[in-house]
**Student:** 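My questions all concern the structure below.
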Amino acid sequence: MIKLYRFPPLDRLPSASPFCVKVEAYLRMAVIEYEPRDMTDPRKAPKGKLPFIRDGDTVVADSAAIIDYLKSRYGDPLDKDMTAAEQATALAYRRMMEEHTYFCIVQMRWMRDDTWSQVKTRYFSSMPAPLRWFVPGMARKQVRRDLRGQGIARHTDAEINAKALEDVRAISNFLGDKAYLMGAAPTSLDAMGYGFLTSLLWAPFNLPIQTEVDELDNLAAYCERLDRKYFADA
Ligand SMILES: N[C@@H](CCC(=O)N[C@@H](CS)C(=O)NCC(=O)O)C(=O)O
């Protein structure tokens, strides 16, 4: 059976990482059996990041590469009927969430002093001493460097909140009163939507943006709907 290597669950979230939740949601939506394997040190992953999967002798890292592999190996029940124009739209939303919203989420979790104390406890408290005394600080330093390089850390907290909210409002407007992002039937974009929106809505960090996202009724209902349909047994 496929092994999914992910960061551990975080309260309601099957993983603290939206990319790991995305792949887990895809596996469930495409009805592919898997076993989760929790990891806390991404340096041991093939590309130094999670998720990755092992399917027999095949190892695939990176959520997009994993989904491409699963489609080629197990068929493509979710996206096979999408037109080229729909695929282009889905790709644009995916890129927005992965290359922009994601970095806003990381900045909000790791760099705000009020949130960092909660993140530090939730992510690192199971680590044995003396590691848990210095690893969190080193990890935060690396994340700060990454976020400055990416560019998001050059903005204020308020600016980052506004930028993330723009993305989330765009998703809310695009979803409208449809059941799924691309229409009446689920597609792999919903695995992505579920992974990223629940990371904002359900992570136990009291992020200021959570209240604003929660007020977008269609998004909260969408996450609950997907959760009931695909994660009821989790
Ligand atoms: N492009 C990758 C991104 C994965 C990613 O950024 N994973 C983060 C967790 S959300 C990670 O492993 N970070 C650890 C690190 O950068 O050291 C994918 O789609 O899987």
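Indexing begins at 1, ligand by ligand and atom by atom, following the structure's order. Fair warning: this is a prediction, and the values are worked out from it, not measured in the lab.
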**Student:** Flag the pair Tyr194 / Phe231 as yes when their ring centroid distance falls below 6.0 Å, and as no otherwise.
**Tutor:**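 Between Phe231 and Tyr194, which both carry aromatic rings, the centre distance is below 6.0 Å.
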**Student:** Under 3.5 Å between any N/O of Glu98 and any N/O of ligand 1: does that happen in this structure?
**Tutor:**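 No, since none of the N or O atoms of Glu98 sits under 3.5 Å from an N or O of ligand 1.
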**Student:** For atom 16 (O) of ligand 1, find the nearest protein heavy atom and state the residue, atom name and distance (0.1 Å precision).
**Tutor:**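 Of every protein heavy atom, Lys49 NZ, 2.7 Å lies nearest to atom 16 (O) of ligand 1.
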**Student:** Counting each atom of ligand 1 from 1 as listed, which ones have a heavy atom of Ser17 under 4.0 Å away?
**Tutor:**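 Contacts of ligand 1 toward Ser17, numbered from 1: 9 (C), 10 (S).
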**Student:** Counting heavy atoms only, which of Ser15, Pro42, Ala45, Ala65 comes nearest to atom 14 (C) of ligand 1?
**Tutor:**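 Nearest heavy atom to atom 14 (C) of ligand 1 lies in Pro42.
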**Student:** Is the closest basic N to carboxylate O distance between Lys22 and Glu24 below 4.0 Å?
**Tutor:**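 Salt bridge absent between Lys22 and Glu24.
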**Student:** Side chains of Gln142 and Asp146: is there a donor and an acceptor less than 3.5 Å apart?
**Tutor:**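 Short answer, yes.
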**Student:** Decide whether the shortest distance between a heavy atom of Phe52 and an atom of ligand 1 is less than 4.0 Å.
**Tutor:**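 It does not; every heavy atom stays at 4.0 Å or beyond.
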**Student:** Closest non-hydrogen protein atom to atom 19 (O) of ligand 1, residue and atom name please, with distance?
**Tutor:**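 Nearest protein contact, heavy atoms only, for atom 19 (O) of ligand 1 is Ser63 OG, 2.5 Å.
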**Student:** Looking only at protein heavy atoms, which one is nearest to atom 8 (C) of ligand 1, and how far off is it?
**Tutor:**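 Checking every protein heavy atom, the shortest distance to atom 8 (C) of ligand 1 gives Tyr102 OH, 3.6 Å.
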**Student:** Do Asp227 and Arg12 meet the salt-bridge criterion of a basic N to acidic O distance under 4.0 Å?
**Tutor:**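 So Arg12 pairs with Asp227 through a salt bridge.
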**Student:** Given Leu50, Asp62, Asp146, which one has a non-hydrogen atom that is nearest to atom 1 (N) of ligand 1?
**Tutor:**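 Result: the heavy atom closest to atom 1 (N) of ligand 1 is in Asp62.
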**Student:** Less than 4.0 Å between a side-chain N and a carboxylate O, is that true for Asp79 and Lys71?
**Tutor:**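 Yes.
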**Student:** Within ligand 1, which atoms have a heavy atom of Pro51 less than 4.0 Å away?
**Tutor:**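 Ligand 1 atoms under the 4.0 Å threshold to Pro51: 20 (O).
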**Student:** Do the side chains of Leu70 and Ile53 get nearer than 4.5 Å, heavy atoms only?
**Tutor:**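 When only atoms from C-beta onward are counted, Leu70 and Ile53 do touch, with a gap below 4.5 Å.
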**Student:** Any heavy-atom pair between the side chains of Tyr222 and Asn218 that's under 4.5 Å?
**Tutor:**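 Result no, sub-4.5 Å side-chain heavy-atom pair not found.
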